[in-house]
Amino acid sequence: MTTLTQSTTWKALQTHSSQLPHMRELFAQNPQRFEQMSVAACGLFLDYSKNRVNDETLKLLFSLAKEAKLSDKITAMFNGDVINNTEQRSVLHTALRSKATQTIIAEGANIVPEVQQTLAKMAKFVGSVQSGEWKGYTGKAITDIVSIGIGGSFLGPKIVSQALRPYWQEGLNCHFVANVDATSICEKLKNLNAETTLFVMSSKSFGTQETLTNTLSAKDWFLAQGASQQDVAKHFVAVTSNVTKATEFGMDASNIFPMWDWVGGRYSLWSAIGLPIALLIGMDNFNALLDGAHQMDEHFSDTPIEQNMPVIMAMLSVLYGNFHGAQAHVILTYDHYLRGLPAYFQQLDMESNGKSVTLDGTDVDYSTGPVIWGGEGTNGQHAYHQLLHQGTALVPADFIMPLQSHNPLGEHHDQLASNCFGQTQALMQGRTYDEALAELSNSSLDAAQIPLIAKHKVMSGNKPSNTLLMDKLTPTTLGALIALYEHKTFVQGAIWQINSFDQWGVELGKQLGNDVLERIGAKEEATQLDSSSNALINLYRQGQL
Ligand SMILES: O=P(O)(O)OC[C@H]1O[C@](O)(CO)[C@@H](O)[C@@H]1O
């Protein structure tokens with residue numbers, strides 16, 4: 001048993017959460033519920049009133065946070081303490097969006113100057129590509145960027161670029177290649193012109209198989225289009241913390257943008273890994289993105305936990321995962337530009353908090369990170385929302401919506417908003433048997449059928465949701481939104497006493513993948529592994545069934 005599950009507060013939460021009335025009743029009891037359970041920060045507004053909480057629940061959740069010494073842990077992260085204990089690293093993505101005047105020490109040195117130098121290098125490069133001053137090997141300006149990277153070196157740039165489409169420079173386009181499946185790169189290259197294409201290779205380690213293979217194929221394609229080896233420097237740049245390996249690979253030293261060990265891959269879009277974003281939206285907008293995240297950093301580090309947006313969201317997730325048996329959490333973005341955000345938050349949360357031992361190696365005896373999934377509204381309403389309303393699994397939901405659309409058109413946004421709010425209402429209140437009967441009593445249904453159909457129309461309700469609003473989706477509000485979820489993830493990890501910043505499970509996949517690759521290329525049949533793995537490798541070697 002861990003001390004966490006033995007604590008008085010934990011046990012009190014177990015008892016208390018099973019006794020709380022239905023949310024319908026909670027709303028009826030307290031007309032001030034919305035005012036009391038909503039908070040604004042950094043251009044974001046969170047309504048968390050549609051959750052299974054009352055004052056007592058919140059008090060207990062905040063006590064749990066205090067007992068976990070959350071404030072000290074937040075300070076330790078911002079101060080650059082080595083909180084990633086299995087990799088002996090500081091966790092300082094917050095330094096990437098700090099102010100130039102700040103001093104942040106990692107491994108004995110102030111890292112802010114090198115962050116600023118890299119931003120300046122990015123600004124110079126972005127300016128020259130956007131202005132057309134940077135020329136390809138035949139003297140033409142760049143029109144297309146191909147970003148090659150995977151995991152954190154892919155999803156952040158892709159999702160943020162997609163979200164900030166209204167801010168793209170005219171005449172520039174970006175294509176993302178992550179998967180080692182040749183189809184991905186072949187399909188992307190089909191319509192591109194080597195003379196006007198710039199490849200940005202992003203790999204923190206400069207050792208990731210998929211990214212190296214895709215970069216080599218991109219280079220082969222580039223040379224096959226008529227370019228020569230000396231033209232490569234005009235068309236290939238790299239972002240990495242392993243400058244030596246990048247130079248050995250053949251990258252021109254002046255085309256390498258550095259990043260650092262103290263930035264985790266899934267927290268790295270704020271570093272030069274964000275170069276494809278900056279190339280599309282320009283450096284002013286990229287700086288606005290950083291500024292939005294910085295505002296959220298300040299809110300997170302300076303606000304009492306009771307009004308602290310990331311802490312509130314994290315503690316609500318702890319409530320459902322540890323005291324209501326929820327194993328999943330859904331992110332529903334009511335904005336087409338934010339359609340990729342669930343996948344981004346999925347990587348952020350699941351790679352961070354998919355852990356089973358505490359920092360000191362003790363097996364946990366409680367649930368840690370849930371399955372994160374989601375999609376864009378209203379599309380999901382015509383698909384998986386059915387399970388949210390009437391399924392047996394409890395899936396807390398986050399609804400995210402800007403109040404203003406970038407594309408105001410007729411009644412579209414009113415309809416979008418009414419669907420968003422209507423869903424949160426339906427999840428919360430549900431529909432009783434009597435209400436279903438009453439609705440059906442005026443229908444043309446056979447009277448004998450009505451009780452059966454009414455039974456099928458019952459929705460228990462009491463399904464929790466948060467609603468997150470912003471005026472408009474801008475670089476600043478997006479920066480704040482992403483930082484909000486980063487900090488939410490951190491807080492959950494702090495409560496569960498796990499390391500949210502390593503990913504040994506993913507590393508095992510890489511290791512075994514390399515081992516299998518050797519066996520595929522070997523002269524002899526595979527015989528050393530389990531019978532399934534041997535047979536699959538041998539079948540693959542045959543090339544047909
Ligand atoms: O940037 P790199 O070193 O190529 O790694 C890519 C990704 O691989 C991972 O280690 C696991 O997929 C991520 O954490 C990282 O973002």
Side-chain angles (χ1 to χ4, degrees), residues 96 115-149 153-154 156-178 185 188-189 191-203 211 214-215 218-219 221-223 225-240 243 246-247 249-259 268-290 475 478:
L96 298 165
V115 169
Q116 293 300 319
Q117 279 158 22
T118 306
L119 282 170
K121 182 170 170 147
M122 284 170 70
K124 196 161 165 235
F125 181 64
V126 167
S128 70
V129 171
Q130 286 210 334
S131 67
E133 192 190 313
W134 183 281
K135 305 273 190 245
Y137 68 99
T138 57
K140 293 183 183 162
I142 298 300
T143 58
D144 291 272
I145 297 145
V146 177
S147 169
I148 304 177
S153 300
F154 154 66
K158 179 176 169 180
I159 301 312
V160 170
S161 302
Q162 191 177 66
L164 297 179
R165 183 68 186 87
Y167 298 85
W168 286 19
Q169 149 122 349
E170 267 304 300
L172 264 184
N173 201 357
C174 190
H175 317 267
F176 291 88
V177 174
I185 190 156
K188 298 277 158 45
L189 294 178
N191 302 318
L192 294 179
N193 176 358
E195 295 170 78
T196 56
T197 300
L198 174 78
F199 293 90
V200 179
M201 191 267 203
S202 302
S203 176
T211 304
N214 277 323
T215 307
K219 197 168 151 193
W221 172 85
F222 177 70
L223 296 175
Q225 305 300 301
S228 66
Q229 184 60 40
Q230 71 194 38
D231 299 327
V232 169
K234 296 191 178 83
H235 292 265
F236 284 78
V237 302
V239 183
T240 186
V243 177
T247 341
F249 182 85
M251 289 290 177
D252 194 295
S254 57
N255 289 351
I256 299 173
F257 295 82
M259 61 181 293
S268 66
L269 74 90
W270 322 99
S271 71
I273 291 287
L275 188 60
I277 307 169
L279 284 163
L280 289 169
I281 67 174
M283 215 52 202
D284 287 348
N285 283 321
F286 189 75
N287 284 327
L289 179 80
L290 297 184
L478 182 64

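By convention here, the first residue in the shown sequence is residue 1.
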Just how far is it from atom [atom1] of [X] to atom [atom2] of [Y], taken to the nearest 0.5 Å?
X    : Y    : atom1 : atom2 : value
F286 : I277 : CZ    : CD1   : 5.5 Å
T215 : F249 : OG1   : CZ    : 5.0 Å
L275 : M201 : CG    : CE    : 13.5 Å
D252 : T247 : CG    : OG1   : 9.5 Å
L198 : I145 : CG    : CD1   : 6.0 Å

pair [X]-[Y]: side-chain heavy atoms closer than 4.5 Å:
X    : Y    : value
N285 : L164 : no
W134 : I142 : yes
L192 : V146 : yes
M283 : L119 : yes
L189 : Q225 : no

_Among residues at least two apart in sequence or on other chains, which ones pass side chain to side chain contact (heavy atoms under 4.5 Å, CB included) with S153?_
S202, I273
*For atom CG of D284, decide whether the heavy atoms of other residues, nucleotides or ligands shown that lie under 6.0 angstrom number more than 12.*
no
Would you check if the side chain of [X] reaches a backbone N or O of [Y] as a donor-acceptor pair within less than 3.5 Å?
X    : Y    : answer
T240 : S203 : yes
K135 : K234 : no
N255 : F236 : yes

*Cut-off 3.5 Å, side chains only: do D231 and S228 have a donor facing an acceptor?*
yes
Of all heavy-atom pairs between [X] and [Y], which one has the smallest distance, and what is that distance?
X    : Y    : answer
C174 : S147 : SG-CB, 4.3 Å
V237 : F257 : CB-CE1, 4.2 Å
E195 : T138 : OE1-OG1, 2.7 Å
A163 : L478 : CB-CD2, 3.7 Å

Identify every side-chain donor-acceptor pair in residues 122-133 under 3.5 Å, counting partners at least two apart or on other chains, and give the distances.
residue: S128; atom: OG; partner: F125; partner atom: O; Å: 3.0
residue: Q130; atom: NE2; partner: L279; partner atom: O; Å: 2.8
residue: S131; atom: OG; partner: G127; partner atom: O; Å: 3.0
residue: S131; atom: OG; partner: S128; partner atom: O; Å: 3.2
residue: S131; atom: OG; partner: E133; partner atom: N; Å: 3.3

*With D144 via side-chain hydrogen bond (donor to acceptor under 3.5 Å, both in side chains) - residues at least two apart*: H175
*Listed by chain and number, what are the side-chain hydrogen bond (donor to acceptor under 3.5 Å, both in side chains) partners of H235, not counting sequence neighbours?*
none
*List in chain and number order the residues that pass ring pair (Phe, Tyr, Trp, His ring centres under 6.0 Å) with F176, two or more places apart in sequence or in another chain; answer none if no residue qualifies.*
none
*side-chain hydrogen bond (donor to acceptor under 3.5 Å, both in side chains): which pairs involve residues 159-172, sequence neighbours left out?*
none
*Decide yes or no on side-chain contact (heavy atoms from CB on, under 4.5 Å) for V239 and V200, but give the supporting numbers first.*
CA-CA 7 Å; V239 183; V200 179; 4.2 Å; yes
_Cation-pi geometry met for K219 and F199 (6.0 Å, 45°)_ = no
